[in-house]
Amino acid sequence: MKTVYLDNNATTCIAPEVRQAMEPYFNEKYGNPSSMHAFGGEIARDIRKAREKVAALINADPSEIIFTSCGTESDNMAIHGCCDLMGPGTKIITSRVEHPAVLGPCRHQREAGFSLFELPVDHQGHLDMDAYRELLKSEGRKLVSIMWANNETGVIFPLKKIAVLAKEAGAIIHTDAVQIAGKLPIDVKKVPVDMLSISGHKIHAPKGIGFLYVRRGTRMKTFMIGGHQESGRRGGTENVPYIVGMGAAAELAMQNIEAEKSKVAHLRDKLEQGLLTTCPDTRVNGDPDARLPNTSNISFEFIEGEAILYHLSDRGICASTGSACAAGSLEPSHVIRAMGVPFTAVHGSVRFSLSRYTTAEEIAYVLSEVPPVIRKLRDLSPFSKDSMPPLEL
Amino acid sequence: MWDYSDKVMDHFRNPRNVGKIDEPDGSGTVGSLACGDALTLMFQLDENGRISEARFQTFGCASAIASSSALTEMLIGKSIEEAEKITNRDIADFLGGLPDQKMHCSVMGREALEMAIHNYRTGETVMKQLDDHIVCTCFGISENEIRRIVIENNITNIEDVTNYCKAGGGCGMCRSDIQKIIDKVQEERSHKPAPAVPTQPRPLTNLQKIKMIEEVVEREIRPRLQKDGGDIDLIDIVGNQVIIAFRGMCAGCQSSAFTRHDFIEAKLREFVASDIVVTEEGKED
Ligand SMILES: Cc1ncc(COP(=O)(O)O)c(C=O)c1O
């Protein structure tokens, strides 16, 4: 059975070009870039090239890039690195819909005596900008960490405005740009963030590589203390093959950014429209007009997400859900709940996320397979319209 | 993905006995959309008081669907008294086991069954829990429910309580109360060396016992006697002693002692409790 992979917000396939670029570094090119011989020096040059490519993806200077082991490390480095320097009493402003890689460190800092504010979102997933402005008015040092695009719904926050307001208020601002990277253009010359996190495996590089952009002049404490690598900002001998892969992936992402917007968005819309018309009692979560081009988060009411995913998996289709059961937790997705999605729809939310490798045939296949699954599960559900039992909800 | 057994996947992919029964003898609904899983269970009895049909509708994950489907298969052919003995463990075992975090699906099955039997016996659609208080307010789980799960599944830590009934899995405020319940059960256990896994049916309360005896008399005993022009009255129930009086043709019938012992007492022992003794009003045995 063929696999139709529509879970690209979870991770992506490694692009063939990326794999090819990495190959020599698992074989003959194994030198240490810090070594004082040409065998190692050559590797240092390759890392420099990768750093330039990665910087170009976000229009930064190569010296502003710190390679990390993943998006989570980038987020931790930004938040802890700043908090350690700013000291207790600092206000941390974030949103309720952040990835755990941001919410976790922020809540950790709250334990350490920082005050934490988690901004709410409305039913379409938009940030409460009035509350944000109010918070910025308050006295004292402030660190803002707000994501650019949401991993579950694809909703895009107006980051330029958010960053400008933060800078006007004298706050330091970090953004988790893990999901927007490679899907829409990023330009740190136009969007005045101080720090920005990116993860390789969301843009067709392998898992286990990422970077943090740190604007020149931003003060933060070294998070990983060790050798002089990454200009002393992150110790540890470089993960050479992955850094090279990250560079290749960044280069490819730039070349494909137009295709993402047109081709991928077209297929996503086709999928979404198709599902909405063939399956009754479905709703799109998140503002359809302010979304990543590849993401569609749909709630199938009266049924549960894990059950949907297992049936889809039997048909070779990969997607993900905000349902509690699938996560092994008991609470459904904090993102979907923060948006006030009604309970009838929370547990049945399914995220389809495409990539530039998704084909029209694959979307047609998914459109033929999903409706029968939904019907089958609805026939089983005590909540389906025709068989609602007298239940207190 | 979860490490589901082949049997779980089979029941999930091909659920048995899906749907509703038009006029069920017993019907129970537990769970809600908010909780993320819900189950409606219905059954029908045949003329011998055995479950001839069981049907379900489930909103929930793969293991919730599989647990419900398994339960209906387990029920068919059983008497109410046999069905009543099914524990959540039995459902999980029938399926070749469930992942720890999914054990609450089997508990949901047992609860729906309990509710359906209660509905069959009383006609009520909710079960009132007297002398019970809610410990986990997030998921609405009571102290008795937690106690029962701890005892029936030999649970020793909070995580398993959460896995089995969700209690403590929301805000977490009740975790210390849950620990106290676990400690208490363990203390009770160390005092009386009870069987390691007490999966025995709980002893009946007096009220439950009286109710059941009345039911069995109505359903199993009276119709038979009436066919022969006789009848009985329930006079009193004292502990395990059931005092009756014969009426109609039975009164003064030559074989009334035989009827009392080999028919009435046997039926009550079969359906209510094995230690029941039936005596006739005003007569010494
Ligand atoms: C928005 C967001 N931030 C951070 C991460 C974490 O990235 P990584 O898996 O590389 O640690 C993810 C990936 O799931 C994400 O979607």
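Letters A, B, ... mirror the listed sequences (proteins, then strands); counts begin at 1. Keep in mind that this is a model prediction, so the values were computed, not measured.
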Working for side chain to side chain contact (heavy atoms under 4.5 Å, CB included), residues E306(A) and W2(B): CA-CA 10 Å; E306(A) 183 201 296; W2(B) 298 104; 3.0 Å; yes
With chain B, the option among D314(A), I308(A), V346(A) that has the most non-hydrogen atom pairs under 4.5 Å is D314(A)
Donor-acceptor check, side chain of K376(A) to backbone of R13(B), threshold 3.5 angstrom: yes or no? yes
Please answer whether the main-chain N or O of F59(B) pairs with a side-chain N or O of E304(A) as donor and acceptor at a distance below 3.5 Å. no
Write down the atom of T58(B), the atom of P382(A), and the distance for their closest heavy-atom approach. C-CD, 3.3 Å
Is it true that atom NE2 of H108(A) has more than 12 heavy atoms of other residues, nucleotides or ligands lying nearer than 6.0 Å? no
Angle between ring planes, Y310(A) versus Y4(B), binned at 30° and 60°: parallel, tilted or perpendicular? tilted
Go through the atoms of M1(B) and report whether side chain, backbone, both or neither lie under 4.5 Å from a heavy atom of chain A. both
Heavy-atom pair with the smallest gap, counting every atom of G60(B) and A307(A): O-CB, 3.6 Å
Pairwise distance CG(D37(B)) to OG(S323(A)) - rounded to 0.5 angstrom: 9.0 Å
Enclosure of N14(B) CG (heavy-atom neighbours >12, cutoff 6.0 Å): yes
Does the side chain of L380(A) come within less than 4.5 Å of I65(B)'s, by heavy atoms? yes
